K.L.:
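Below is the structure I would like to discuss, written out as structure tokens.
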Amino acid sequence: MIKPLVAGNWKMHGNTETARHLAAQLVAQWSDRPVAERSVEMVLFPPSVHLSLVKGAVAGSGIAVGAQNLSQHGSGAYTGEISGDMLVDQGCDYVLVGHSERRDLFGESSATVAEKFKAAQSSGLIPILCVGETLRQRQQEQTVAVVTAQIKAVIDCVGMHNVCRAVVAYEPVWAIGTGETASPEQAQQVHRAIRNQLGEVGLSTRLLYGGSVKASNAAELFGQPDINGGLVGGASLEAIEFFNIVKRAE
Ligand code: 13P
């Protein structure tokens, strides 16, 4: 049995006040049951400048914290970058790697994504490797080829075993922030392809779906056999909505 994970990617939103408030609301909702009895893991991905604040706000609640990005370098003259060790030092357990916004808007190649994945694991972080096709690629029936190639680039760099002890998030680019969600069948089809690619070693790897997940569509998506939770953007900025999504994964 794979323990589902629901992650909230806050992207570049908010300030210290809204970050503190959102974290506090989630803690209040979440603390009605002992940590050991919860069947879902909740992880928050605030902007890097709010990591330690959010970490402090969720302390003792069982809610984990992660970063949205990291440098592929360990340390050195890399102005503006943040290393894996620094994120661990801020209390992070997870880090997103290869989000489509990083790939598309900041030119991260699959090779760079693989290096970042490696750097994350070297620091002791659990990477959530994000993959997904564009609308054009889907229309050209390249979805599975694109997604498996994105994962293969990381397998080639760190090996199958290391990919399988991370988390993989399938986020179709056309479904991110658009209100358009992959149907549960469409999502399951890609998740099954990923599961097959990972083989025996990946039978217990957590595979998340992301792309306009809401409380109203989460249950059907999370009910698919190879979907083990979600990576939520917009809806994670609203405490009640996000908490209802988390509950759908139970
Ligand atoms: P939305 O849920 O806003 O579509 O964003 C998904 C996403 O990019 C999460 O990483």
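Counting starts at 1 for both ligands and their atoms, following the listed order. In this chain, numbering begins with 1 at the start of the sequence shown. Small disclaimer: the values here were computed from a predicted structure and weren't measured.
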K.L.:
Just by distance, no angles: are the side chains of Lys118 and Asn162 close enough, under 3.5 Å, to form a donor-acceptor pair?
P.N.:
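Checked: Lys118/Asn162 side chains show no N/O donor-acceptor pair below 3.5 Å.
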
K.L.:
Taking only heavy atoms of Leu231, which atoms of ligand 1 are found under 4.0 Å from at least one of them?
P.N.:
9 (C), 10 (O)

K.L.:
Classify the ring geometry between His73 and Tyr78 as parallel (under 30°), tilted (30 to 60°) or perpendicular (over 60°).
P.N.:
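Plane angle under 30°, so parallel.
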
K.L.:
Please round to the nearest 0.5 Å and tell me the distance separating atom CG of Asp226 and atom CZ of Arg195.
P.N.:
4.5 Å

K.L.:
For Ala235, is at least one N or O under 3.5 Å away from an N or O on ligand 1?
P.N.:
no

K.L.:
May I ask you to list the atoms of ligand 1 that are less than 4.0 angstrom from any heavy atom of Asn9?
P.N.:
9 (C), 10 (O)

K.L.:
Quick one: does Gly233 get an N or O within less than 3.5 Å of an N or O on ligand 1?
P.N.:
yes

K.L.:
Report yes or no: does Gly211 have a heavy atom closer than 4.0 Å to ligand 1?
P.N.:
yes

K.L.:
Please confirm whether Ala175 comes under 4.0 Å of ligand 1, counting heavy atoms of the residue only.
P.N.:
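So Ala175 counts as touching ligand 1.
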
K.L.:
Taking the non-hydrogen atoms of Ser212, is any one of them nearer than 4.0 angstrom to ligand 1?
P.N.:
yes

K.L.:
Counting each atom of ligand 1 from 1 as listed, which ones have a heavy atom of Gly234 under 4.0 Å away?
P.N.:
1 (P), 2 (O), 3 (O)

K.L.:
In ligand 1, which numbered atoms sit nearer than 4.0 Å to a non-hydrogen atom of Gly177?
P.N.:
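Here the atoms of ligand 1 in question are 1 (P), 3 (O), 4 (O).
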
K.L.:
Working to the nearest 0.5 angstrom, can you tell me the gap between Asn217 CG and Glu220 CD?
P.N.:
8.5 Å

K.L.:
Ile176 versus ligand 1: do any nitrogen or oxygen atoms come within less than 3.5 Å of each other?
P.N.:
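Looking only at distances, the answer is no, because the N/O contact criterion of under 3.5 Å is not met.
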
K.L.:
Quick test of your reading of the model: are Lys3 and Glu41 salt-bridged, counting only N-O distances below 4.0 Å?
P.N.:
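Salt bridge: no.
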
K.L.:
Any chance you could measure Ile63, atom CD1, to Trp30, atom CH2, to the nearest 0.5 Å?
P.N.:
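Interatomic distance, Ile63 CD1 to Trp30 CH2, rounded to 0.5 Å: 7.5 Å.
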
K.L.:
Quick check on the hydrophobic clustering: are Val144 and Leu198 connected, directly or via other members, by side-chain heavy-atom contacts under 4.5 Å?
P.N.:
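No, no single cluster joins them.
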
K.L.:
Looking only at non-hydrogen atoms, which of Lys214, His99, Lys11 approaches atom 10 (O) of ligand 1 most closely?
P.N.:
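The residue whose heavy atom sits nearest atom 10 (O) of ligand 1 is His99.
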
K.L.:
If hydrophobic clusters are built by linking Ile, Leu, Val, Met, Phe, Trp and Tyr wherever their side-chain heavy atoms come under 4.5 Å apart, do Val154 and Ile126 end up in the same one?
P.N.:
no

K.L.:
Starting from atom 9 (C) of ligand 1, what is the nearest protein heavy atom, named by residue and atom, and what distance separates them?
P.N.:
Glu171 OE2, 2.9 Å

